[in-house]
Structure formats: C-alpha cells, structure tokens
> 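I have a structure I would like to understand better, so I am pasting it below and will then ask my questions one at a time.
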2 protein chains.
Amino acid sequence: MTNPEPQLTIREAAQRTGLSVHTLRYYERIGLLLPVERAANGHRRYAEIDLRRIEFLNKLRTTGMSIQQMCEFAALSQESDLTVPQRLAMLEAHRNEVLTYLDELRDNLGAIERKIALYRSIEEKQG
Amino acid sequence: MTNPEPQLTIREAAQRTGLSVHTLRYYERIGLLLPVERAANGHRRYAEIDLRRIEFLNKLRTTGMSIQQMCEFAALSQESDLTVPQRLAMLEAHRNEVLTYLDELRDNLGAIERKIALYRSIEEKQG
DNA sequence: ATACAACTTTGAGCGCGCTCGAAGTCAAGC
DNA sequence: GCTTGACTTCGAGCGCGCTCAAAGTTGTAT
C-alpha cells in the first residue's frame with residue numbers, strides 16, 4: 001500500500017521521455033532535475049510526477065531555452081509557491097522569444113519554398 | 001564603366017547580412033562561400049550577388065540546416081544547372097524537416113501557454 | 001561459484017558553429 | 001617617417017549540450 005505507483009527504471013524513463021539515460025543522469029547532476037528516488041540497490045526510480053516534470057522541461061529545451069535558464073526555472077520551481085510570479089515572467093519572456101522565432105522560421109520557410117518553385121520551373125524548361 | 005556595382009567591404013557585408021566578419025571569412029574558408037573579389041590591396045569586396053547568396057544560405061542556417069549540408073548544397077550550386085534536381089531534392093527534404101519542426105514548436109508553445117495560464121490562476125488565488 | 005546484465009559515479013571527450021588572438025600588410029593623415 | 005585603422009591569414013580556443021569510458025556494485029540465472 002505504500003507504493004501504488006509504477007516506478008520506472010532510468011532506461012524506461014529515457015524511452016518514455018525521448019532523452020538518453022546519459023542525459024537524464026546529466027540533468028540530475030547539474031541540478032536541473034531533483035534527485036529521484038532510489039531502489040534498495042541504489043538504482044534510480046522515476047515516478048509519474050518526475051516524468052511529467054522532465055517532459056515539461058523538454059518542451060522548454062526543444063523550444064530553444066538554454067540549459068542555464070532551465071536551471072533557474074527549475075530552481076524557482078523547487079523553492080516555493082512565492083516564486084510563481086518569477087516563473088511566470090520567465091515563461092512569458094520565453095514564449096515571446098518562441099513567437100518571434102516562429103515568425104522568422106515561417107519567413108525563411110517562405111523563401112525556401114520560393115526557391116523550390118524556381119528550381120521546379122528550371123527543371124521543366126530543361127525537360 | 002567597368003564597375004557599375006557598389007562593392008561592399010567585409011564590414012559592410014557583415015552589417016547587411018547580420019553575420020559577423022569572422023563568420024563571413026569562416027564561411028569562405030570552409031568552402032561554403034566562393035572566394036569573393038578582392039580590391040587591389042587584397043581586401044574582400046562583396047557584390048550584390050554575393051550578398052544574396054549569403055542571405056539565402058543564412059535562411060537555411062536559421063531554419064536549422066547544418067553547415068555540412070549547406071556546404072553540399074553550395075557545392076552543387078557551384079557546379080552546373082544539371083544539379084538543379086539534386087538541389088531541389090535537398091530543399092524539399094529540408095522544407096519537410098522545417099514543417100515538422102514548426103509543428104513540434106507550436107505544440108510545445110501550446111504547453112508553455114497552458115502552464116502560463118496555470119500560473120496566472122495561481123497568482124490570482126494568492127492575491 | 002560464476003557469468004551476465006543493468007545499473008552506479010566521475011571525469012574526460014566530442015561535435016558543432018563559431019570566435020578570437022597574433023602577427024602581418026597596406027593606405028591615409030598628421 | 002610614424003601612427004592609426006581596416007583589413008589579411010592561420011591556428012587555437014570556447015561555450016554549449018551532451019556522450020562516453022572506466023571502474024565498481026548489485027541482482028539474477030545457470
């Protein structure tokens with residue numbers, strides 16, 4: 001009754017989150033992730049809440065937030081609810097950067113598509 | 001009458017393209033850019049066509065194409081019109097990657113915005 | 001008992017994309 | 001003539017984000 005939750009090994013956690021086992025340990029080492037629970041033999045055990053945290057951090061990563069900033073964010077999250085305003089500010093700033101980047105990406109994609117169209121018309125002329 | 005075109009110095013080219021002078025020289029060194037013309041004193045002179053090439057390559061970069069792939073693309077461009085089909089294939093493959101990445105980015109942005117909304121509601125409750 | 005597999009820690013190494021430092025050349029201005 | 005400044009080359013260095021290697025521990029199967 002004390003352990004109703006499935007606890008994943010680091011390998012399973014890696015598979016689920018898409019990170020490597022190396023990366024999971026690395027993230028813990030640099031303080032990005034809080035140390036997770038350990039089995040009797042010292043092996044890491046990941047609970048659902050750990051996985052959800054990792055998955056959110058991963059979303060920050062893939063949208064381009066730096067590890068350093070993620071560490072700041074994670075540190076705030078581990079403090080208290082009083083840090084919510086600061087976390088909010090970080091996320092809003094990051095969201096704005098992502099929006100700017102999305103615009104840039106769309107513009108550049110447009111240029112690439114125009115080039116594709118140009119190449120297609122050249123191909124037609126060449127036969 | 002032999003030089004109707006404005007020729008920019010490397011500094012000016014850097015300002016216009018948003019790259020650093022270091023990067024412009026680096027790109028030339030690794031073969032990503034063809035050697036540009038030189039002034040009598042050996043200084044680089046960038047013509048409009050050079051700048052447009054650089055700007056297009058820069059769009060490939062900022063959409064995530066690797067330097068290595070850009071080199072392949074640039075090499076094809078410097079060969080002949082017969083390489084148009086290969087260039088087209090590269091651009092189409094890259095476009096698809098960018099589209100996939102854009103989707104991922106939008107999804108992750110959505111998750112971040114949901115977190116922002118959550119934090120805002122917490123802030124309200126706290127007063 | 002022994003082999004094997006999965007994990008552990010620690011520190012080193014790597015690939016990418018620049019970025020910089022050192023030493024030299026050249027042209028213009030005082 | 002001498003300084004200043006913008007350029008040149010070349011190789012080394014750097015920051016990021018992992019990624020890996022080595023050596024050790026533990027648990028299971030034969």
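Chain naming here is simple, since letters A, B, ... match the order of the sequence lines and numbering starts at 1 in each.
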> Could you state the atom-to-atom distance from CZ of R45(A) to P of dT26(D) in whole Å?
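For the pair R45(A) CZ and dT26(D) P, the rounded distance is 15 Å.
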
> Does a donor on one side chain and an acceptor on the other come within less than 3.5 Å for T23(A) and S20(A)?
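A pair is found: one side chain offers a donor N or O, the other an acceptor, under 3.5 Å apart.
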
> Going 5' to 3' on DNA chain C, which nucleotide is the first and which the last to come under 4.0 Å of a heavy atom in chain A?
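That gives a stretch of dC7(C) to dG11(C).
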
> CD of Q69(B): more than 12 outside heavy atoms within 6.0 angstrom?
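More than 12 within 6.0 Å, yes.
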
> Report, one line per pair, each donor and acceptor closer than 3.5 Å where one atom sits in a side chain of residues 31-47 of chain A; sequence neighbours left out.
residue, atom, partner, partner atom, Å
R38(A), NH1, G42(A), O, 2.8
N41(A), OD1, H43(A), N, 3.0
R44(A), NE, E28(A), OE1, 3.0

> Would one find more than 12 heavy atoms of other residues, nucleotides or ligands at under 6.0 Å from atom CD of Q68(A)?
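Check fails, neighbour count at 12 or below.
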
> Donor-acceptor pairs under 3.5 angstrom involving side-chain atoms of residues 56-65 of chain B: please list them, not counting sequence neighbours.
residue, atom, partner, partner atom, Å
N58(B), ND2, T17(B), O, 3.3
R61(B), NH1, M65(B), O, 2.7
T62(B), OG1, N108(A), ND2, 2.5
T62(B), OG1, N58(B), O, 3.2
T62(B), OG1, K59(B), O, 3.4
T63(B), OG1, K59(B), O, 2.8
T63(B), OG1, L60(B), O, 2.8
T63(B), OG1, H94(B), NE2, 2.8

> Going by number, which of residues 21-44 of chain B have a non-hydrogen atom under 4.0 Å from DNA chain C?
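Result for residues 21-44 of chain B: H22(B), T23(B), Y26(B), Y27(B), R29(B), N41(B), sorted by number.
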
> Do NZ/NE/NH1/NH2 and the carboxylate oxygens of E92(A) and K115(B) come within less than 4.0 Å?
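No, this pair does not count.
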
> Not counting sequence neighbours, list each pair that qualifies as a salt bridge (charged side-chain N to carboxylate O under 4.0 Å, His left out) and has a residue in residues 15-27 of chain A.
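Of all non-adjacent pairs touching residues 15-27 of chain A, those that pass salt bridge (charged side-chain N to carboxylate O under 4.0 Å, His left out) are R16(A)-E48(A), R16(A)-E55(A).
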
> Using side chain to side chain donor-acceptor pair (under 3.5 Å) as the criterion, list what pairs up with E72(B), not counting sequence neighbours.
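Not a single residue meets the side chain to side chain donor-acceptor pair (under 3.5 Å) criterion with E72(B).
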
